[in-house]
Asker: 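First, the structure itself, so that you have it in front of you.
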Number of protein chains: 2
Amino acid sequence: MPPHSIGELASLADVKPPTIRFYEQIGLMPAPRRTASDRRVYEPEAVARLAFIKHARQLGFPVEAIRTLLDLADHPERSCGDANRLAQQQLAAVEQKLSLLASLRTELSRMVSAGCDGPAGECRVIESLSDHGHCLGDHGPADSTIRS
Amino acid sequence: MPPHSIGELASLADVKPPTIRFYEQIGLMPAPRRTASDRRVYEPEAVARLAFIKHARQLGFPVEAIRTLLDLADHPERSCGDANRLAQQQLAAVEQKLSLLASLRTELSRMVSAGCDGPAGECRVIESLSDHGHCLGDHGPADSTIRS
DNA sequence: CTTGATCCTCTAGCCACTTGAAGATGCATC
DNA sequence: GATGCATCTTCAAGTGGCTAGAGGATCAAG
């Protein structure tokens with residue numbers, strides 16, 4: 001397998017070139033060698049490393065956790081206790097978000113199915129938002145930032 | 001009912017004072033009158049408005065949507081079509097996140113329950129992250145940012 | 001009159017990127 | 001060899017929705 005340009009690596013791992021440069025900047029990806037004209041040249045190993053990072057990010061691991069996981073993957077002789085602990089934490093975080101989102105869905109679908117057509121003064125949606133009756137308990141804020 | 005200081009308003013709506021100042025800055029809360037010594041003084045109506053905003057944020061509505069919803073609440077004679085559409089969009093967004101998180105949970109709990117104890121070289125967690133076999137489809141990245 | 005809580009403004013930081021400016025290089029075509 | 005366009009380079013700033021801190025003024029209680 002030949003080496004790759006940043007654009008090739010990007011499309012192989014389905015990320016964008018600036019993301020790879022960003023990962024290099026924060027030290028998740030090692031700085032690759034360069035051509036005479038300063039372009040990045042990636043060896044085939046970089047594909048697997050970038051895929052590992054992407055997979056971990058898809059699972060919601062924070063960058064600092066990924067740093068630890070990559071470090072373990074780079075040093076197979078160490079104990080994998082940290083990896084297990086991080087995975088458990090991430091599972092707990094995901095389960096917490098799931099239960100929060102499930103209650104948001106309940107309230108939103110109540111709002112939506114009460115759907116109305118007239119003036120905003122009688123709007124069920126706005127009424128629901130003003131109403132503290134069916135309000136959620138003391139959950140934190142929901143988060144509207146899953147992209148793509 | 002008497003007017004409130006920013007701290008009173010904050011504790012009535014269970015948000016922090018800087019959040020109220022931030023909402024004022026971005027135009028969700030109107031700038032209130034001030035005392036001679038420049039402190040903010042809120043009329044009782046402000047409590048309901050802030051509660052509306054907080055409730056909508058808890059449900060995950062983005063600030064721009066809340067701006068529209070507040071605008072409708074302020075003008076009851078307009079049609080509430082926008083409010084219904086926003087609520088439907090938000091419900092769809094929440095449902096999408098739910099299904100993404102459900103598949104994350106599946107993969108994470110497979111990783112966690114395969115739990116291992118030895119060197120990282122044989123770690124199931126790291127193996128799973130390197131493995132493209134059970135990999136998720138083309139979901140976007142998960143998001144690790146639900147606070148509180 | 002002192003103490004401590006609360007308030008003010010302003011700036012910077014968080015996370016994980018994304019976007020844009022301004023310019024160099026590479027490759028295909030005429 | 002000139003043209004044109006895609007891709008690459010660096011660096012800076014923007015995104016969302018706040019949160020935290022500096023440095024100072026004011027308030028209420030004892």
Side-chain angles (χ1 to χ4, degrees), chain A residues 2-29 31-42 50 53-67 70 90 93 97 139-148, chain B residues 2-29 31-42 50 53-67 70 90 93 97 139-148:
Chain A
H4 306 290
S5 71
I6 196 171
E8 286 163 0
L9 176 59
S11 66
L12 284 170
D14 196 28
V15 300
K16 293 176 190 165
T19 304
I20 299 175
R21 286 190 278 258
F22 172 73
Y23 287 159
E24 179 182 328
Q25 195 186 319
I26 64 174
L28 288 190
M29 289 293 286
R33 68 185 173 87
R34 303 286 186 116
T35 66
S37 61
D38 224 31
R39 297 186 171 204
R40 289 169 177 85
V41 177
Y42 293 94
L50 184 53
I53 296 170
K54 196 202 175 190
H55 194 178
R57 285 293 302 131
Q58 281 182 324
L59 287 167
F61 285 94
V63 163
E64 285 316 302
I66 298 177
R67 210 185 289 281
L70 281 168
Q90 185 55 26
K97 285 184 219 171
H139 297 296
D143 134 29
S144 48
T145 60
I146 284 189
R147 301 157 293 269
S148 134
Chain B
H4 305 292
S5 73
I6 195 172
E8 286 163 358
L9 176 58
S11 66
L12 283 170
D14 196 27
V15 300
K16 293 175 188 165
T19 304
I20 299 174
R21 286 189 277 256
F22 172 74
Y23 287 159
E24 179 182 328
Q25 196 185 317
I26 64 174
L28 287 191
M29 289 292 288
R33 68 186 173 87
R34 303 286 187 115
T35 65
S37 61
D38 224 30
R39 297 187 170 205
R40 289 169 177 84
V41 177
Y42 293 94
L50 184 52
I53 296 170
K54 197 204 173 189
H55 194 179
R57 285 293 302 131
Q58 281 182 323
L59 288 168
F61 285 94
V63 163
E64 286 315 303
I66 298 177
R67 210 184 288 282
L70 281 168
Q90 183 54 26
K97 286 184 219 172
H139 297 297
D143 130 31
S144 47
T145 59
I146 283 190
R147 301 158 295 269
S148 132

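All of these numbers come straight from a predicted model, not from anything done at the bench. In what follows, every chain begins at residue 1, and chains take the letters A, B, ... in the order their sequences are listed.
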Asker: Less than 4.5 Å apart, side chain to side chain, heavy atoms only: is that true for A/R57 and A/Y23?
Answerer: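 With C-beta onward as the side chain, the pair touches.
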
Asker: Five pairs at each end of the helix from C/dC1-D/dG30 to C/dC30-D/dG1: take the axis at both ends and give me the angle between them to 10°.
Answerer: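 Computed from the C1' atoms at both ends, the axes differ by 10°.
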
Asker: Please enumerate all residues that pass side chain to side chain donor-acceptor pair (under 3.5 Å) together with A/R67, with sequence neighbours excluded.
Answerer: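 Side chain to side chain donor-acceptor pair (under 3.5 Å) list for A/R67, sorted by chain: A/E64.
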
Asker: Can you name the side chain to side chain contact (heavy atoms under 4.5 Å, CB included) partners of A/A65, sequence neighbours left out?
Answerer: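 In terms of side chain to side chain contact (heavy atoms under 4.5 Å, CB included), with neighbours along the sequence ignored, A/A65 is linked to A/F61, A/P62, A/L86.
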
Asker: Go through the structure and list residues passing side chain to side chain donor-acceptor pair (under 3.5 Å) with B/R34, not counting sequence neighbours.
Answerer: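 Not a single residue meets the side chain to side chain donor-acceptor pair (under 3.5 Å) criterion with B/R34.
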
Asker: Is there a donor-acceptor pair under 3.5 Å between the side chain of A/S5 and the backbone N or O of A/E8?
Answerer: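 Yes; judged by distance alone, with no hydrogens or angles, the pair exists.
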
Asker: A/R57 side chain N/O closer than 4.0 Å to the phosphate oxygens (OP1, OP2) of C/dC15?
Answerer: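 It does not, given that no N or O in the side chain of A/R57 lies less than 4.0 Å from OP1 or OP2 of C/dC15.
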
Asker: Apply side chain to side chain donor-acceptor pair (under 3.5 Å) to A/Q25 and list each qualifying residue two or more places apart in sequence or on a separate chain.
Answerer: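 Testing A/Q25 for side chain to side chain donor-acceptor pair (under 3.5 Å), a comparison that skips the adjacent residues, returns none.
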
Asker: Please list each protein N or O that sits under 3.5 Å from an N or O in nucleotides 27-30 of chain D, with the distance.
Answerer:
unit_1 : atom_1 : unit_2 : atom_2 : d
D/dC27 : OP1    : B/S37  : OG     : 2.8

Asker: With a 4.0 Å cutoff (strictly under), does any side-chain N or O of B/R34 reach OP1 or OP2 of D/dT26?
Answerer: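 Answer no for this pair, as no side-chain N or O of B/R34 is under 4.0 Å from OP1 or OP2.
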
Asker: Between B/D38 and A/K16, which has a closest nucleotide on DNA chain C that is more 5'?
Answerer: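 That would be B/D38.
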
Asker: So, using side chain to side chain donor-acceptor pair (under 3.5 Å) as the criterion, who are the partners of A/E24 when residues are at least two apart?
Answerer: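 Side chain to side chain donor-acceptor pair (under 3.5 Å) check on A/E24 returns A/R40.
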
Asker: Quick one, which residues of residues 17-26 of chain B touch DNA chain D with a heavy atom under 4.0 Å?
Answerer: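 Contacts with DNA chain D under 4.0 Å: B/T19, B/F22, B/Y23.
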
Asker: What I'd like to find out is whether the side chain of B/P32 reaches to under 4.5 Å of the side chain of B/Y42, using heavy atoms alone.
Answerer: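 SC-SC contact between B/P32 and B/Y42 confirmed.
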
Asker: Under the salt bridge (Lys or Arg N to Asp or Glu O under 4.0 Å) rule, collect the residues that match up with B/R33, sequence neighbours excluded.
Answerer: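 Once residues adjacent in sequence are excluded, the partners of B/R33 under the salt bridge (Lys or Arg N to Asp or Glu O under 4.0 Å) criterion are B/E43.
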
Asker: Which comes earlier along DNA chain D counting from the 5' end, the contact point of B/I53 or that of A/R40, where each point is its nearest nucleotide?
Answerer: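 Looking at the nearest nucleotide for each, A/R40 comes out on the 5' side.
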
